[in-house]
Amino acid sequence: MFFKWPFGRGNKITTCACVPEWPGLVAEQAGHHVTGVPSPEGSSPMVMMLGLVAHCTGCGARYPHGWRVAD
């Protein structure tokens with residue numbers, strides 16, 4: 001079985017235009033919104049296997065750091 005690893009997907013660094021920066025993170029999975037939180041340890045295995053990409057809830061910028069699904 002092959003997983004969707006996020007490597008090589010346009011590794012552009014983006015900046016958030018919101019004040020304060022990154023007020024919230026959200027990703028989309030099968031038409032549903034998935035709320036995320038920053039993770040200092042890097043992205044969680046679930047995020048990496050599903051190939052989820054987090055975006056800012058305010059300006060829509062792509063989050064360039066590790067994150068995980070919120071509890």
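Any value given below was found using the heavy atoms of this structure, including those in side chains, with hydrogens, waters and symmetry copies removed.
The nearest pair of heavy atoms linking A27 to L52 is CB-CB, 4.3 Å.
A17 is linked by a side-chain contact (heavy atoms from CB on, under 4.5 Å) to C59, counting only residues two or more places apart in sequence or in another chain. For T57, the side-chain contact (heavy atoms from CB on, under 4.5 Å) criterion is met by P23, V26, not counting sequence neighbours.
By the 4.5 Å heavy-atom criterion applied to side chains, V69 and M46 are counted as neighbours. Using a 4.5 Å heavy-atom threshold, the side chains of V37 and L25 count as separate.
Listed by first and then second residue, the ring pair (Phe, Tyr, Trp, His ring centres under 6.0 Å) pairs that reach into residues 16-54 are W22-Y63, sequence neighbours excluded. Residue pairs satisfying the side-chain hydrogen bond (donor to acceptor under 3.5 Å, both in side chains) criterion with at least one member in residues 39-56, sequence neighbours excluded, are listed as follows: S39-E41.
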